[in-house]
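In what follows, chains carry the letters A, B, and so on, assigned in the order in which the sequence lines appear, proteins first and then strands, with residues in each chain numbered from 1. Predicted, not measured: the structure shown is a model, and the values here were computed from it.
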Protein chains: 2
Amino acid sequence: MIYNRIKMLRTEKGLSRKDLAEAVGVNFQTIGYLERGDYNASLELAFKLAEFFEVPLDMAFSPRPFKTLAEELAAMKAAE
Amino acid sequence: MIYNRIKMLRTEKGLSRKDLAEAVGVNFQTIGYLERGDYNASLELAFKLAEFFEVPLDMAFSPRPFKTLAEELAAMKAAE
DNA sequence: TCATAATGTTGTATATACACAACAAAAATT
DNA sequence: AATTTTTGTTGTGTATATACAACATTATGA
């Protein structure tokens, strides 16, 4: 299973699943499935989502769990 | 359809499809399908392949056609 | 040249991604 | 509080990713 940050990226933009679904051309329930981890996006959909959010694909999808925002920020600070 | 550089990355390493298939845990014919563009890899397989070749995913897969090596090198030179 | 390995092709079967519908529950808006 | 929007759940149908097998073709190597 591939982890993703779709929900975070979406809510950050104040969008509903329906909004996002329309933007990338899928059914709104498909977004729900991905957010809940019911199944993986196809490569094609993963690229569309990454492009929509303007992030590289592996910033939105990863074979390993993402850090939380807190961990991320702490790691960045530690790396200074 | 998503473009990929699997064949280039594989032959560069002097590997057969069978070798690569075993390394990422799929049937060797699946590699052939991907190389020929018969269908897309799943996100999961795309990540395994990128990791195997030690490149970021979007260096091995792209929604837009890859440049040839010649174009790539010319572009790099022009960017100096 | 002969044998072997690598690749392409066709066909069948299965798992999974996605669409769509109906309805329930929760959250947001008025 | 009532209405509307958003999200979750279940179920069914279809398309596509992958496995596997058999055989043809092409390349490699002894």
Could you go through nucleotides 22-28 of chain C and list every protein N or O atom that sits under 3.5 Å from one of its N or O atoms, giving the distance for each pair?
{"from": "dA22(C)", "atom 1": "N6", "to": "Gln29(A)", "atom 2": "NE2", "distance (Å)": "2.8"}

Give me the distances for all protein-to-nucleotides 12-14 of chain D N/O pairs that come in under 3.5 Å?
none

>> Can you build the contact string for nucleotides 24-30 of chain D? Use B for base contact, S for sugar-phosphate-only contact, and - for no protein heavy atom under 4.0 Å.
In response: -------

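The side-chain hydrogen bond (donor to acceptor under 3.5 Å, both in side chains) search around Asp58(B) returns none, not counting sequence neighbours. Partners of Gln29(A) by side chain to side chain contact (heavy atoms under 4.5 Å, CB included), not counting sequence neighbours, listed by chain and number: Asn27(A), Tyr33(A). Applying the side chain to side chain contact (heavy atoms under 4.5 Å, CB included) criterion to Ser16(A), with sequence neighbours excluded, gives Lys18(A), Asp19(A). Every side-chain hydrogen bond (donor to acceptor under 3.5 Å, both in side chains) that Asn40(A) has, sequence neighbours left out, goes to Glu44(B).
Heavy atoms of Asn40(B) sit under 4.0 angstrom from primed sugar atoms or phosphate atoms, though from no base atom.
For the pair Asp38(B) CG and dT9(C) C1', the interatomic distance rounds to 10 Å; values are reported in whole Å. Atom CG of Leu15(B) is separated from atom C1' of dT7(C) by 15 Å (rounded to the nearest Å).
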>> Output the pairing pattern of DNA chain D as a dot-bracket string, 5' first, Watson-Crick or G-U wobble with both distances under 3.5 Å, | for cross-strand pairs, [ ] for crossing pairs.
In response: ||||||||||||||||||||||||||||||

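Closest approach to the Val26(B) side chain among dA19(D), dC18(C), dT7(D) is made by dA19(D) (side chain taken as heavy atoms from C-beta onward). In the set dA17(C), dT9(C), dA19(D), the nucleotide with an atom closest to the side chain of Arg36(B) is dT9(C). With distances taken from any side-chain atom of Asn27(B) to the nucleotides dA6(C), dA19(D), dC18(C), the minimum falls on dA19(D).
Its side chain within the 4.5 Å cluster rule, Phe66(A) clusters with Tyr3(A) among the Ile, Leu, Val, Met, Phe, Trp and Tyr residues. Taking Ile, Leu, Val, Met, Phe, Trp and Tyr as members and joining any whose side-chain heavy atoms lie under 4.5 Å apart, directly or through other members, Met1(A) forms no hydrophobic cluster with any other residue.
When every heavy atom of Lys7(A) is checked against every heavy atom of Asn4(A), the shortest pair comes out as N-OD1, 4.4 Å.
Applying a 4.0 Å cut-off to non-hydrogen atoms, none of the residues of residues 41-61 of chain B approaches DNA chain C.
Cation-pi check for Lys48(B) over Phe53(B) is not met; the charged atom does not lie both under 6.0 angstrom from the ring centroid and within 45 degrees of its normal.
With Phe61(B) as the partner, the side chain to side chain contact (heavy atoms under 4.5 Å, CB included) test is satisfied by one option alone out of Leu34(B), Leu43(B), Ile6(B): Ile6(B).
Every pair passing salt bridge (Lys or Arg N to Asp or Glu O under 4.0 Å) that includes a residue from residues 69-80 of chain A is listed here, sequence neighbours excluded: Arg5(A)-Glu72(A).
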